[in-house]
Amino acid sequence: MYDLIIVGAGPAGMSAAIYAVRAGMSLLVIEKNPMCGGQVLNTYEVDNYLGLPGINGYDLGMKFKEHGEKLGVSVKEETVLALEDGGNVKRLKTTAGEYETRALIWAAGASHAKLEVEGEAELAGKGVSYCAACDGAFYRGRVCAVVGGGDVAAEDAVFLARFCEKVYVIHRRDKLRAAKSLQKKLEELPNVEILWNTRVKKIEGEEAVEELLLQTGEEESRLKVQGVFIAVGIRPDTELVRELVDCDENGYILAGEDCVTTKAGIFAAGDARKKSFRQIITAAADGANAVASAGEYLA
Ligand code: NAP
């Protein structure tokens with residue numbers, strides 16, 4: 001029986017683990033991926049995490065892991081399959097075993113949203129990608145498109161522009177929601193072109209991506225690209241907890257800054273929690289707050 005189990009080893013989960021271990025709680029962290037960091041791992045460069053300007057996403061994930069290890073945090077690479085609330089005891093079934101804990105922090109984060117157009121699923125991995133930092137290097141000297149107007153789309157476009165011949169950013173509105181500093185970077189790049197008020201209707205290609213069917217207002221057009229990077233937001237990974245705690249209509253767990261959910265002993269931290277600003281640093285802050293609340297609950 002653990003005092004606390006944390007699901008997810010991204011910035012929220014690892015920050016929670018560090019606070020929990022220092023608070024003397026018996027602790028287990030469960031992470032489905034072989035590496036700590038969560039979505040951070042898909043980022044080429046992180047320029048707004050305090051104290052580590054310009055750090056590569058993978059290196060930041062490694063720092064989270066090393067920090068945890070230094071304090072004796074144990075991260076098990078397992079996937080949670082089922083979750084049961086037995087009042088004072090929460091039970092988890094994973095791909096490797098069954099665990100019991102008095103308190104639980106759900107810090108499983110979020111995954112890429114799909115564009116949900118024809119050709120996307122068929123050509124996934126054949127020119128359709130959700131991770132520029134992972135797959136971008138395959139497109140050296142080629143023409144690519146990034147779909148979306150948020151931080152991820154802008155970061156992806158800046159990254160791809162370093163080695164792609166041309167990068168189109170396809171955005172459905174006339175304004176980006178990405179941070180101003182990223183917008184400025186994009187504007188300065190001669191090989192980036194933003195296609196405003198434009199939607200991707202279809203992704204086409206025989207063996208791999210060849211062309212996009214676009215719609216701008218009433219007009220349809222075609223754009224030849226070899227790669228399309230989809231960055232249209234995230235969906236919370238909360239399927240397993242939705243039956244136990246209240247969530248909003250998009251599946252984000254309802255919990256305030258104290259990370260307390262509607263179920264006693266279950267706390268929500270990071271991108272899985274309903275909040276207005278999803279950043280690495282706000283996820284890390286959630287981890288600390290969730291442990292403070294879990295500590296009060298356990299006491
Ligand atoms: P996001 O901020 O939600 O942006 C998603 C973008 O995709 C928006 O521009 C949206 O258009 C567009 N979009 C959504 N659905 C679409 C569809 N069906 N077709 C076409 N376009 C669509 O998502 P994100 O960029 O993935 O970022 C996720 C979160 O992580 C954000 O809160 C972001 O700030 C955060 N983040 C933080 C860091 C950091 O800490 N350094 C780095 C990256 C991301 P509209 O603008 O019209 O809605």
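We're numbering straight along the sequence, starting at 1. When a ligand or atom number is given, it counts from 1 through the structure's own listing order. Computed over heavy atoms, backbone and side chain alike; hydrogens, waters and symmetry mates excluded.
When heavy-atom distances to ligand 1 are checked against a 4.0 Å cut-off, Arg173 comes that close only through its side chain, counted from C-beta outward. When non-hydrogen atoms are compared, ligand 1 lies under 4.0 Å from the backbone of Ala231 (N, CA, C, O) but not from its side chain. Here Arg278 has heavy atoms under 4.0 Å from ligand 1 in both its backbone and its side chain. At a heavy-atom distance under 4.0 Å, only side-chain atoms of Asn48, from C-beta outward, approach ligand 1. Residue contacts with ligand 1 for His171 involve side-chain atoms from C-beta outward but no N, CA, C or O (heavy atoms, distance under 4.0 Å).
Residues Asp271 and Gln39 bring a donor and an acceptor atom of their side chains to less than 3.5 Å of each other. No side-chain N or O of Glu165 forms a donor-acceptor pair with one of Tyr139 less than 3.5 Å apart. Counting only N and O atoms by type, the side chains of Asn48 and Gln279 include a donor and acceptor under 3.5 Å apart.
Within the 4.5 Å cutoff, the side chain of Arg91 has no heavy atoms near those of the Tyr99 side chain.
Atoms of ligand 1 found under 4.0 Å from any heavy atom of Ile280 (numbered from 1 in listed order, with element): 40 (O).
Cation-pi geometry between Lys114 and Tyr130 is satisfied (NZ or CZ under 6.0 Å from the ring centre, within 45° of the ring normal). For the pair Arg278 and Tyr252, the cation sits on the ring face: its NZ or CZ lies under 6.0 Å from the ring centre, inside 45° of the axis. By the 6.0 Å and 45° rule, Lys275 does not stack over the aromatic ring of Phe277.
Here the heavy atom of the protein found nearest to atom 39 (C) of ligand 1 is Gln279 OE1, 3.4 Å. Nearest protein neighbour of atom 17 (C) of ligand 1, counting heavy atoms only, is Arg172 NH1, 3.6 Å. Nearest non-hydrogen protein atom to atom 19 (N) of ligand 1 is Leu115 CD1, 3.5 Å. Protein heavy atom closest to atom 25 (O) of ligand 1, with residue, atom name and distance, is Val152 N, 3.0 Å. For atom 3 (O) of ligand 1, the closest non-hydrogen atom of the protein is Gly233 CA, 4.0 Å. The single protein non-hydrogen atom nearest to atom 14 (C) of ligand 1 is Val232 O, 3.3 Å, given as residue, atom name and distance. Atom 9 (O) of ligand 1 has its closest protein heavy atom at Gly149 N, 2.9 Å. Distance from atom 33 (C) of ligand 1 to its nearest protein heavy atom, with residue and atom name: Asp151 OD2, 3.5 Å.
When the heavy atoms of Arg177, Glu116, Glu155 are ranked by distance to atom 45 (P) of ligand 1, first place goes to Arg177.
In this structure, Asp237 pairs ionically with Lys32, as a charged nitrogen and a carboxylate oxygen lie closer than 4.0 Å. For Lys70 and Glu66, the salt-bridge test fails: no basic side-chain N is under 4.0 Å from an acidic carboxylate O. Here Lys93 does not pair with Glu98 in a salt bridge; the nearest charged N to carboxylate O distance is not below 4.0 Å.
For the ligand labelled ligand 1, residue Val46 lies outside the 4.0 Å heavy-atom shell.
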